[in-house]
Amino acid sequence: MTDKKSFILRHQQIADSMQAFSHPWNPKSEISGTQMGRLLGLKRTGVNFVKVPPGKESFVYHSHYREEEWIYILSGCGIAEIDGEEFEVGAGDFMAFPTPSVAHHLRNAGNEDLVYLAGGENLDIEIADFPHLGKRMFRREDAIEIFNLSDAKLFGALDT
């Protein structure tokens with residue numbers, strides 16, 4: 001008998017595969033979630049089920065240069081910081097960050113879990129900025145390098 005690839009992820013499988021995560025640069029970051037797309041073999045697109053407890057935050061304020069990202073709120077309420085402004089968001093609200101994106105971040109401002117779907121591209125190379133921290137990340141496949149933006153120097157024009 002051969003193994004047949006699954007194309008359906010059942011509710012209980014999603015619940016059983018939930019993992020906790022917090023971003024190391026944000027002490028208020030606390031999420032639990034499942035990378036649903038990966039569990040079914042998606043390589044180019046990420047689709048994630050995410051919960052943020054009351055009073056906690058998703059990751060850290062960031063922007064993407066190459067990978068588009070989106071968020072769809074299923075339940076709860078939150079505050080989305082987008083390009084330096086704050087917006088109340090709740091069930092049924094959708095956010096999209098085409099590249100190059102503006103900085104964004106999400107925090108739970110309610111008394112119940114903030115539950116949402118999030119996803120985007122999974123490219124081999126990504127560049128992200130963390131404006132509040134003055135840092136830039138370069139990711140090449142699984143290798144990640146972080147730089148302080150204050151160390152950046154203009155290279156100038158190339159002579160040919």
Side-chain angles (χ1 to χ4, degrees), residues 9 11-149:
L9 194 59
H11 176 267
Q12 192 60 52
Q13 292 171 292
I14 295 169
D16 291 346
S17 63
M18 297 284 283
Q19 294 183 345
F21 176 83
S22 63
H23 196 285
W25 294 343
N26 181 354
K28 295 180 181 178
S29 170
E30 182 181 320
I31 69 168
S32 60
T34 300
Q35 294 179 319
M36 298 185 302
R38 273 198 188 155
L39 290 175
L40 292 182
L42 293 179
K43 293 179 176 48
R44 297 184 311 232
T45 303
V47 181
N48 309 301
F49 179 78
V50 181
K51 291 183 181 183
V52 178
K56 297 299 182 177
E57 301 180 3
S58 58
F59 294 103
V60 65
Y61 189 62
H62 67 284
S63 63
H64 302 269
Y65 282 87
R66 302 199 64 234
E67 294 180 339
E68 293 187 331
E69 183 179 12
W70 56 266
I71 298 169
Y72 180 75
I73 308 291
L74 298 171
S75 65
C77 61
I79 302 294
E81 183 180 2
I82 302 171
D83 201 22
E85 294 185 61
E86 292 189 344
F87 302 90
E88 291 183 15
V89 294
D93 290 341
F94 178 75
M95 293 165 269
F97 306 102
T99 58
S101 75
V102 296
H104 52 278
H105 176 252
L106 194 56
R107 72 178 185 268
N108 185 340
N111 296 322
E112 61 184 66
D113 283 347
L114 177 60
V115 181
Y116 57 94
L117 295 176
E121 297 174 287
N122 289 323
L123 302 177
D124 291 342
I125 296 173
E126 169 64 318
I127 303 166
D129 279 350
F130 303 91
H132 293 329
L133 302 173
K135 296 186 182 295
R136 177 167 289 156
M137 176 203 74
F138 292 94
R139 181 181 48 74
R140 291 181 304 255
E141 297 183 4
D142 292 333
I144 297 174
E145 298 172 334
I146 306 294
F147 298 90
N148 291 321
L149 288 172

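Bear in mind the structure is a predicted one, so any value in this text is a computation, not a measurement.
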Are Phe138 and Ile144 side-chain neighbours, meaning at least one heavy-atom pair lies under 4.5 Å?
no
Tell me, please, which residues at least two apart from His104 pass ring pair (Phe, Tyr, Trp, His ring centres under 6.0 Å).
His62, His64, Phe97
So CG of Leu149 and NZ of Lys135: to nearest 0.5 Å the spacing works out to 9.0 Å
pair Leu106-Phe59: side-chain heavy atoms closer than 4.5 Å
no
For a quick test of reading the model, state the closest non-hydrogen atom pair linking His105 to Asn26 and the distance between them.
NE2-ND2, 3.6 Å
How close do Pro131 and Ala103 get, counting heavy atoms only, and between which atoms?
CG-CB, 3.8 Å
Glu30 and Pro53: which non-hydrogen atoms are nearest, and at how many Å?
O-CD, 3.2 Å
Can you tell me how far apart CD1 (Ile31) and CZ (Phe21) are? Round to the nearest 0.5 Å.
6.5 Å
Which residue in the set Arg140, Glu141, Arg139 passes side-chain contact (heavy atoms from CB on, under 4.5 Å) when paired with Glu126?
Arg139
Are any side-chain N or O atoms of Tyr61 and backbone N or O atoms of Gly84, one a donor and one an acceptor, separated by less than 3.5 Å?
yes
May I ask you to check whether over 12 heavy atoms, not counting those of Asn111, lie within 6.0 Å of atom CG?
no
I'd like to check Pro54 versus Asn108 (side-chain heavy atoms, cut-off strictly below 4.5 Å). Are they in contact?
yes
Nearest non-hydrogen partners of Leu74 and Ala91, listed with the distance:
O-CB, 3.4 Å
Just do the side chain to side chain contact (heavy atoms under 4.5 Å, CB included) check on Leu40 and Leu42 with the steps written out, would you?
CA-CA 6 Å; Leu40 292 182; Leu42 293 179; 5.5 Å; no
For a 4.5 angstrom cut-off between non-hydrogen side-chain atoms, does Ile71 reach Met95?
yes
Mind running side chain to side chain contact (heavy atoms under 4.5 Å, CB included) on Arg107 and Leu114 for me, showing each step along the way?
CA-CA 8 Å; Arg107 72 178 185 268; Leu114 177 60; over 6 Å; no
List in chain and number order the residues that pass side chain to side chain donor-acceptor pair (under 3.5 Å) with Ser17, two or more places apart in sequence or in another chain; answer none if no residue qualifies.
Thr34
Just verifying a value: how many Å separate Thr99 OG1 and Glu67 CD, rounded to the nearest 0.5 Å?
9.0 Å
Separation between CZ of Arg66 and CD1 of Ile127, rounded to the nearest 0.5 Å:
7.0 Å
Counting only heavy atoms not in Glu88 (residues, nucleotides, ligands), do more than 12 fall under 6.0 Å from its CD?
no
For the residue pair Ser29 and Ser22, what are the closest heavy atoms and their distance?
O-CB, 2.9 Å
Taking all atoms of both residues into account, what is the closest heavy-atom pair of Glu121 and Glu68, and its distance?
OE1-N, 2.7 Å
Can Asp129 and Tyr65 be counted as having a side-chain donor-acceptor contact under 3.5 angstrom?
yes
CZ of Arg38 to OG1 of Thr45: how many Å apart, nearest 0.5 Å?
11.5 Å
Non-neighbouring partners of Trp25 that pass ring pair (Phe, Tyr, Trp, His ring centres under 6.0 Å), sequence neighbours left out
His23, Phe130
Interatomic distance, Glu81 atom CD to Glu86 atom CD [nearest 0.5 angstrom]:
5.5 Å
